[in-house]
Visitor: 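Handing you this structure, nothing more for now.
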Amino acid sequence: MRYPQGGGLTPQGQAARERARMLAVGGFARGEKNTVIAEELRVSVRSVQRWRRSWREGGRQALRPSGPAKRPKVGDSDFAVLETLLLDGAVARGWADERWTLSRVRVLIGDQWGMSLSIRGVWELLRRQGWSCQQPARRAVERDDAAVAGWVKESWPRAKPPRRRSGHGWSSRTRPLSR
């Protein structure tokens, strides 16, 4: 079961799904029909059909979870090398500024290991290893935070319009309140 935001079943959900499959095996052994098993376990008949076919071909072991669908392309040892390259900075790798964008990291992975990852794949790789998305703060060097705080406290309240009073009103702006 996949979700658009990249999640999936939690470990508890995976364990519950495995328990359902193992209960279905008991029903298969007793010769129960797929619809009865599906109603009992509150799953679709199609799922029970797939489970039964796997059970017939490979036994109980065929219904056990086999782990993730595929291993990540960049392993932990490769990521350790990538992390040192990222920490060296983007300028050291030939870019004009120090920003690491996903496309730059993608190019770096392609140059280093000769593999092509999608932008989403690069983001998943970095997120899985604990990296986060950060935007550089664009502030003027001449900025005086104390002066800005004083302006917000003193000048801004005088410049902004006063709040409307709460009270009775009407829905039409062109017709006054009728009594």
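Values in this document were obtained by computation on a predicted structure and should not be read as measured data.
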Visitor: Do Val36 and Val48 share a hydrophobic cluster, counting only Ile, Leu, Val, Met, Phe, Trp and Tyr and linking them when any side-chain heavy atoms are less than 4.5 Å apart?
Guide: no
Visitor: May I ask whether Trp113 and Trp123 are part of the same hydrophobic cluster, defined by side-chain heavy atoms of I, L, V, M, F, W, Y residues being less than 4.5 angstrom apart, directly or through others?
Guide: yes
Visitor: In Å, rounded to the nearest 0.5 Å, how long is the span from CZ of Arg53 to CG of Asn34?
Guide: 10.5 Å
Visitor: Tell me every residue that passes salt bridge (Lys or Arg N to Asp or Glu O under 4.0 Å) with Arg158, counting only those two or more places apart in sequence or in another chain.
Guide: none
Visitor: Would you name the heavy atoms of Trp51 and Ala24 that are closest together and state the gap between them?
Guide: CE3-CB, 3.7 Å
Visitor: At what distance, to the nearest 0.5 angstrom, does CG of Leu63 lie from CZ of Arg50?
Guide: 11.0 Å
Visitor: What are the two closest heavy atoms between Phe79 and Val74, and how far apart are they?
Guide: N-CG1, 3.8 Å
Visitor: Do Val25 and Leu23 belong to the same hydrophobic cluster, where Ile, Leu, Val, Met, Phe, Trp and Tyr are linked whenever their side-chain heavy atoms lie under 4.5 Å apart, directly or via other members?
Guide: yes
Visitor: Using every non-hydrogen atom in the two residues, find where Val122 and Ile109 come nearest and quote the distance to one decimal.
Guide: CG2-CD1, 4.4 Å
Visitor: Can you get from Met115 to Ile119 by hopping between Ile, Leu, Val, Met, Phe, Trp and Tyr side chains that sit under 4.5 Å apart?
Guide: yes
Visitor: Does the pair Trp95 and Val107 meet the rule for a side chain to side chain contact (heavy atoms under 4.5 Å, CB included), with working shown?
Guide: CA-CA 11 Å; Trp95 280 286; Val107 169; 4.2 Å; yes
Visitor: Using the six-membered ring wherever Trp is involved, compare the ring planes of Phe28 and Trp55 and label them parallel, tilted or perpendicular (cut-offs 30° and 60°).
Guide: tilted
Visitor: Other residues, nucleotides and ligands only: do more than 12 of their heavy atoms fall within 6.0 Å of CG on Asp88?
Guide: yes
Visitor: Working to the nearest 0.5 Å, report the span between CG of Leu87 and CG of Leu82.
Guide: 9.5 Å
Visitor: What's the spacing between Arg120 CZ and Arg127 CZ if we round to 0.5 Å?
Guide: 7.5 Å
Visitor: Could you check whether any side-chain N or O of Arg106 sits under 3.5 Å from a backbone N or O of Leu117, counting only pairs where one atom can act as donor and the other as acceptor?
Guide: yes
Visitor: Can you name the closest pair of heavy atoms from Ser54 and Ala62 and give their distance?
Guide: O-CB, 3.4 Å
Visitor: Could you check whether any side-chain heavy atom of Gln49 comes within less than 4.5 Å of a side-chain heavy atom of Arg46, counting everything from C-beta outward?
Guide: yes
Visitor: Can you check whether Leu86 reaches Leu108 side chain to side chain, under 4.5 Å on heavy atoms?
Guide: yes
Visitor: With rounding to the nearest 0.5 angstrom, report the CZ to CZ distance, Arg19 to Arg17.
Guide: 11.5 Å
Visitor: Applying side-chain hydrogen bond (donor to acceptor under 3.5 Å, both in side chains), can you list everything that pairs with Glu18, at least two apart in sequence or on another chain?
Guide: Arg64
Visitor: Minimum heavy-atom separation for Pro65 and Arg21, please, with both atom names.
Guide: CD-NH2, 3.7 Å
Visitor: Test of understanding: clusters of I, L, V, M, F, W, Y form through side-chain heavy atoms closer than 4.5 Å, transitively. Do Val91 and Trp100 belong to the same one?
Guide: no
Visitor: Measure from the side-chain N and O atoms of Arg93 to the backbone N and O of Leu85, and report whether any donor-acceptor pair falls under 3.5 Å.
Guide: no
Visitor: List the atom of Val81, the atom of Gln112, and the distance in Å for their closest heavy-atom pair.
Guide: CG1-NE2, 4.3 Å
